[in-house]
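Presented below is the structure to which this report refers.
Below, chain A is the first sequence line, B the second, and so on; all start at residue 1. In what follows, every heavy atom counts, from backbone to side chain, and hydrogens, waters and symmetry copies are set aside. No experiment lies behind these values; they were computed from the predicted model shown.
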There are 2 protein chains.
Amino acid sequence: MGERTRKITIKDIAAEAGVSIALVSFVMNGKSDGKGGYRVNKETAERIRSVAERLNYQPNDAARMLRSGKTNTIGVIVSDISNKFFADIARCIEDRAYKHKYTVLFGSTDENSQKLENLIEVFRNKGIDGLIVVPCEGADPILRKLADENFPLVLLDREVPGADLSSVVLNNRRAGGQVTEVLVKQGYRKIEMISYSMNLSNIREREEGYRACMTENGLGEYVRIHHLRHDRMDRITEILRDARERQVEAFVFATNTLALQGVTAIFRQGWQIPRDFSMVCFDTNEAFDLYKTAAACVSQPIERFGAEALDLLLKSIEHRDQPMACTRVVLSPEIVEYNKFDSYHKN
Amino acid sequence: MGERTRKITIKDIAAEAGVSIALVSFVMNGKSDGKGGYRVNKETAERIRSVAERLNYQPNDAARMLRSGKTNTIGVIVSDISNKFFADIARCIEDRAYKHKYTVLFGSTDENSQKLENLIEVFRNKGIDGLIVVPCEGADPILRKLADENFPLVLLDREVPGADLSSVVLNNRRAGGQVTEVLVKQGYRKIEMISYSMNLSNIREREEGYRACMTENGLGEYVRIHHLRHDRMDRITEILRDARERQVEAFVFATNTLALQGVTAIFRQGWQIPRDFSMVCFDTNEAFDLYKTAAACVSQPIERFGAEALDLLLKSIEHRDQPMACTRVVLSPEIVEYNKFDSYHKN
DNA sequence: TTTGTTTGTTAAAACGTTTTAATTACCTTT
DNA sequence: AAAGGTAATTAAAACGTTTTAACAAACAAA
């Protein structure tokens, strides 16, 4: 036991097959046929392939990277990888990347641009070929610099306004409108929004959607958006208490985290849903799914987020030399209305 | 725009500081002082350091790896990274690893040993220094081989019985017993368990705990464990229906996923909790937290899982030459009893 | 025969580090 | 003055690839 068996290298194969290492390299990279431009005798190629197979040759990625600069690794930086929404997307990207023989490096910014910068530095030292980023506040200059270097980059979930960057986002404006509309249709009028004070494109657009829907339905006078700092979530109780006094009927929560905080606070006060408040929110979670707490949720197309982002990135990596075309993919939200069907809970 | 600026190498620094590259290497690796055994003039070292700082030198990991074999990268393979429990642990590991200047590669097996094998191969080609694994069924031979090579390895959440491998696990037997006991204390007698048919150490021990608790409380006659295949979760409805006919009073769910499936099925039948059934389970989730669905949950010390596993792995990497000592860390569960306090829901 | 083309192959450089062994310069001690 | 020791430095090899440029052999065209 404990024998550390030396790894098989290209040299071993060359020796075994009685050819030069160059030939082995050509064959192993599939450059022997077609576009590569190298010409290798068919039989020789076959022999090399079989020897490699037999010895279970595994290329040394470090050497390959050092020489060619290509690592077949990409980075994915989100706000918090333990957040279900991002974890699900990450999983999709990982699976899809794997099929393309890419490995994925994950990182979380915690909405902190300094962390983002550090992560990018670390990842770049690792030699990643490209990057998928959920930009946090203050990410603009960091990402712009990256783009200026022509570094393959795709934004996810949020955008950096004014910068010419590829991105995959939800139609947040529409989603915000549609989900608000569910409440309006149910007859609620005094509907307010609970949102983040962070300046993020997706949040801002969700607010826009809410506002537009309210105005279109003649409820402009009730429009009110509460902005919470994410490090002062406790303030939500205060807001809710005040809202109840003002006879607010329903809430639109700008994110799932916010909704969860809100509902927890509501329950702590001894209030019930929808007896005392009604609500809609973004994304689903086990609690809302199971108990139909929310009147409706915005369901985001997770797999498409992952797939589109990865495909965009790979394309961008492939064409690193060209002047870089920016594609903007806008996905459509789906509204899941829980109250449409009879709830199995008697509230 | 678009200027790809060449990366600063050790050579540039050497030239700028007027020294050899070896000296730069010594200094950059902190081998210039203390245990490294190299001697570098203090002033020279300082000069090199300042030049490196000024030029913003970033070492090329590929080169470093190729030469030294060390990558400062570890792999973490779980069953499903989008599962909240694993996502949380992953996050802890990532954060902690980052502080030690390690990067983490994540992968999911989906409880498939073939995938595990593939992932390990890919990760090893990337040159990871060590591996943290949540072993799936059939992982034994794969992991044993790894251990035979003296490859730094730490098992997480589950163990491989009979193999001398380091691991960090919950005291699942105790947890299973304690959580069952909550139901017993509340007066339930006909308590059954819903579990997986997969042969995993943690599951088996949870069952053991349940069984022991029942027997100790003179309820041995009621012991019954239902085994579900995870690709046939739909069978749970059938089991529940049958259980209701047999007047089963409460369930112990062996995992959170199982509990979620179970409760969903229960609600679909129009039954309520705890009116028709009571239940306890492992781990928490938003639904159970918010609505106190479960009478109690086993709360696992997520951060300690991550921290202990990483520390064990790093230690093991550090002492790769030594014959490898196996440490087994067994963490204590915490039982969260929801019904202890007045629920704010009138059930 | 010479010249040119195609096909198959290879030697050797390069990538940016780490690390060994050698070298220099400067002190001590005899 | 010679010998030995220590401190500071460096040249050069090695890691395993990819890729360029050169070469040889075989054949075709002149």
Side-chain angles (χ1 to χ4, degrees), chain A residues 4-48 52 55-73 124-127 129, chain B residues 4-48 52 55-73 124-127 129:
Chain A
R4 187 117 18 111
T5 44
R6 200 178 58 75
K7 279 281 255 177
I8 298 294
T9 78
I10 216 176
K11 237 183 206 159
D12 301 317
I13 301 190
E16 184 79 8
V19 296
S20 73
I21 61 164
L23 218 42
V24 178
S25 176
F26 294 159
V27 172
M28 295 319 286
N29 291 317
K31 305 255 184 157
S32 49
D33 35 42
K35 72 169 220 169
Y38 302 112
R39 295 151 305 208
V40 177
N41 184 292
K42 267 206 154 198
E43 287 168 30
T44 316
E46 201 36 63
R47 184 153 40 94
I48 290 173
L55 300 187
N56 186 30
Y57 167 69
Q58 302 290 348
N60 179 320
D61 282 346
R64 185 195 295 251
M65 167 182 175
L66 178 57
R67 173 59 225 221
S68 70
K70 252 279 232 164
T71 52
N72 269 42
T73 304
R124 292 199 67 181
N125 288 348
K126 291 264 173 220
D129 297 332
Chain B
R4 186 117 18 110
T5 43
R6 201 178 58 73
K7 279 280 255 175
I8 297 294
T9 78
I10 215 175
K11 235 183 208 160
D12 301 318
I13 301 189
E16 184 79 8
V19 296
S20 73
I21 60 165
L23 217 43
V24 178
S25 177
F26 293 158
V27 173
M28 295 320 284
N29 292 316
K31 305 256 183 157
S32 49
D33 35 41
K35 73 170 219 170
Y38 303 112
R39 292 154 306 207
V40 178
N41 184 292
K42 268 205 154 197
E43 286 166 31
T44 315
E46 203 34 66
R47 183 153 40 95
I48 290 174
L55 301 188
N56 186 30
Y57 166 69
Q58 302 291 347
N60 179 321
D61 282 347
R64 182 194 296 247
M65 166 181 175
L66 178 57
R67 173 60 227 223
S68 69
K70 253 281 231 162
T71 52
N72 269 43
T73 303
R124 291 200 66 183
N125 288 348
K126 291 264 173 219
D129 297 332

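- When all heavy atoms of A:Asp12 and A:Lys7 are compared, the pair lying nearest together is OD2-O, 3.9 Å.
- A straight line from CD1 of A:Ile10 to P of C:dT10 spans 13 Å, rounded to a whole angstrom.
- Atom-to-atom, CG of B:Asn60 to C1' of C:dG16 comes out at 5 Å; the value is rounded to the nearest Å.
- Considering all non-hydrogen atoms of both residues, A:Met65 and B:Ala62 come closest at SD-CB, 3.3 Å.
- Side-chain contact check for A:Asn29 versus A:Arg64: some heavy-atom pair is nearer than 4.5 Å.
- The B:Ser20 side chain lies nearest to D:dA11 when the options are C:dT17, C:dT10, D:dA11.
- What separates CD1 of A:Ile48 from C1' of C:dG8 is a distance of 11 Å, to the nearest Å.
- Per the geometry, NZ belonging to A:Lys70 stands 18 Å off C1' belonging to D:dG16, to the nearest Å.
- Here the rule is side chain to side chain contact (heavy atoms under 4.5 Å, CB included) with B:Val27, and of B:Val19, B:Ile13, B:Val40 only B:Val40 fits it.
- In this structure, B:Arg64 places its CZ atom 11 Å from C1' of C:dG16, rounding to the nearest Å.
- Mapped onto DNA chain D by nearest heavy atom, B:Leu66 and B:Val19 fall at different nucleotides, with B:Val19 at the one closer to the 5' end.
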Report each atom pair, protein N/O against N/O of nucleotides 21-29 of chain D, whose distance is under 3.5 angstrom.
none

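- Heavy atoms of other residues, nucleotides or ligands lying less than 6.0 angstrom from NZ of A:Lys70 number more than 12.
- When each of B:Ala62 and B:Leu23 is assigned the nucleotide of DNA chain C bearing its nearest heavy atom, the one mapping closer to the 5' terminus is B:Ala62.
- The phosphate of D:dT18 (OP1 or OP2) has a side-chain N or O of A:Asn29 nearer than 4.0 angstrom.
- Here OG1 of A:Thr73 is found 9.5 Å from NZ of A:Lys126. Values are rounded to the nearest 0.5 Å.
- In this structure, OG1 in A:Thr9 is found 8.5 Å from CD1 in A:Ile21, a value given to the nearest 0.5 Å.
- B:Leu66 places a side-chain heavy atom less than 4.5 Å from the side chain of A:Asn60.
- In this structure, the separation between CD1 on B:Ile48 and CG on B:Asn41 is 9.5 Å, given to the nearest 0.5 Å.
- Taking CD1 of B:Ile8 as the reference point, atom CG of B:Asn56 lies at 8.0 Å (rounded to 0.5 Å).
- Between A:Thr9 and the phosphate of D:dG16, there is no side-chain N or O to OP1/OP2 separation shorter than 4.0 Å.
- Put simply, A:Ser25 has no side-chain N or O that comes within less than 4.0 Å of OP1 or OP2 on D:dT17.
- Side-chain contact between A:Val24 and A:Glu16 is absent, with no heavy atoms from C-beta onward closer than 4.5 Å.
- Between B:Thr44 and D:dA8 there is no side-chain polar atom (N or O) within less than 4.0 angstrom of OP1 or OP2.
- One can place CD of B:Glu43 at 15 Å from C1' of D:dT9, the figure rounded to the nearest angstrom.
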I'd like a table of atom pairs between the protein and nucleotides 12-14 of chain D - only N or O on both sides, under 3.5 Å - with the distance next to each one.
from: D:dA14; atom 1: N3; to: B:Arg67; atom 2: NH1; distance (Å): 2.9

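- Remark: P of D:dG16 and NZ of B:Lys126 are 17 Å apart, rounded to the nearest angstrom.
- As a whole-Å value, the separation of A:Ile8 CD1 from D:dC15 P is 15 Å.
- Judged by distance alone, the side chain of B:Asp129 and the main-chain N or O of B:Thr71 form a donor-acceptor pair under 3.5 Å.
- Five base pairs at each end of the helix from C:dT1-D:dA30 to C:dT30-D:dA1 define two local axes, and these are offset by 70° (rounded to 10°).
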